[in-house]
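Values below: all heavy atoms of this structure, side chains included; hydrogens, waters and symmetry mates excluded. Whatever order the structure lists ligands and atoms in, that order sets their numbers, starting from 1.
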Amino acid sequence: MVAPFEFATAQRIVFGRGKAESLGEIAAGYGSRALVMAGRHLQGSATLHRLEQELSKRGVALELMLSHGEPEVAEVDDAAARARACGAEVVVGLGGGAVLDLAKAAAGLATNEGSVRDYLEGVGTGRTLRVPALPFVAAPTTAGTGSEVTRNAVVSSRSEGFKKSIRSHLLLASTALIDPALTDSTPPAQTAASGLDALTQLIEPYVSLRAQPATDALALQGIALAVRALPRAFADGADAQARDELALASLLGGLCLANAGLGAVHGIAAGLGARFGIGHGVSCAAVLWQTMEANVRALEERDPQGPGLARYARLGEALCGRSFPDPRDARRAGVDAVRALVAALAVPSLRALGVGEADLPVAVRESRGSSMKANPIELSDAEVEAILRAAL
Ligand SMILES: [Zn+2]
């Protein structure tokens, strides 16, 4: 029997080098007033200038907002208010995952009541979006988050110390436009952090409790692309082939996580981000192989006959690009391959990021968010703490 599943994504996905040229034309197809949310680093860039020109050529009135960093509650509420005030008929997000999340949440909130805080999982009032969001066009400028095809937006509160999602199928983008050329100028450290986030978002859905046939196929393809392209894009940012493959891997990761969930790496990373202000990609990268190793050990001890171990063996083969006669060797080789990749990409340790031994209990407590629920096996507090200690 094939287990039931659901697969939902952006209404339209446009992928290709140079496709950003049509961003204005696509956005104009949704209305004559646009709220454009762009990454602050794009101010004065040719990409943003072209978008503005293309919109005005088509008679689209434009309200521009620039943003930097992971969105806060007040920022989302403000963006939604501005969308309403200018009568926006379409919201365009152009930037990294944080910018896309901000634009996505604003598009959803603009047509619904209340503050975004009311809708956040775990901290809100349990409110859900009822009215369809404004059409949302998402164009990522980093290869990693896959936010252009996910149905959630991550919103933080530094004062309250949380980082939570607003989630609804109504938040899925109308058009996701992925132009790998927009990622060409990403510096090496950012390429590594976002690229390892993409890899994590392919690995975790593949071993997730909610894994399903549609995402399995995409995950295995994406993992092969990511492990090949990531070291090349890191070493030479001008390697267009590597940039293209990494952008595709990132898109596939987004499709996977939106439909099969994540796991302990993202659970732990959410806590590290909220409590210690560590960027999302770096947080994931810093604990990735340690979490894989802990999951394999826990599955060997407590669920040796379950599907999790077989998945880790197949994952190891995908990561290494070859088969292994003994599944134990495949599982070990997968963990080792990720460990070597993380080291080659110079990912800082948690200690270098400001986390110390005394912080571990808080980090454990903060790891129990929604991502953790899809982890292939329930990890004890002691096991999560051991992952963090190994990542110090
Ligand atoms: Zn992620």
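Considering just the N/O/S atoms of H266, the one nearest the Zn ion (ligand 1) carries the name NE2.
A salt bridge links E383 with R302; the closest basic N to acidic carboxylate O contact falls under 4.0 Å. A salt bridge is absent between E366 and K163; no separation between the charged side-chain nitrogens and carboxylate oxygens falls under 4.0 Å.
Counting backbone and side-chain atoms alike, H280 contributes an N/O/S atom closer than 2.8 Å to the Zn ion (ligand 1).
For the pair R314 and Y206, the NZ or CZ position fails the cation-pi test of under 6.0 Å to the six-membered ring centre and within 45 degrees of the ring normal.
Here the angle centred on the Zn ion (ligand 1), running from OE1 of Q201 over to OD1 of D197, is 90°, rounded to 10°.
At a threshold of 4.5 Å between non-hydrogen side-chain atoms, the residues Q212 and N259 count as touching.
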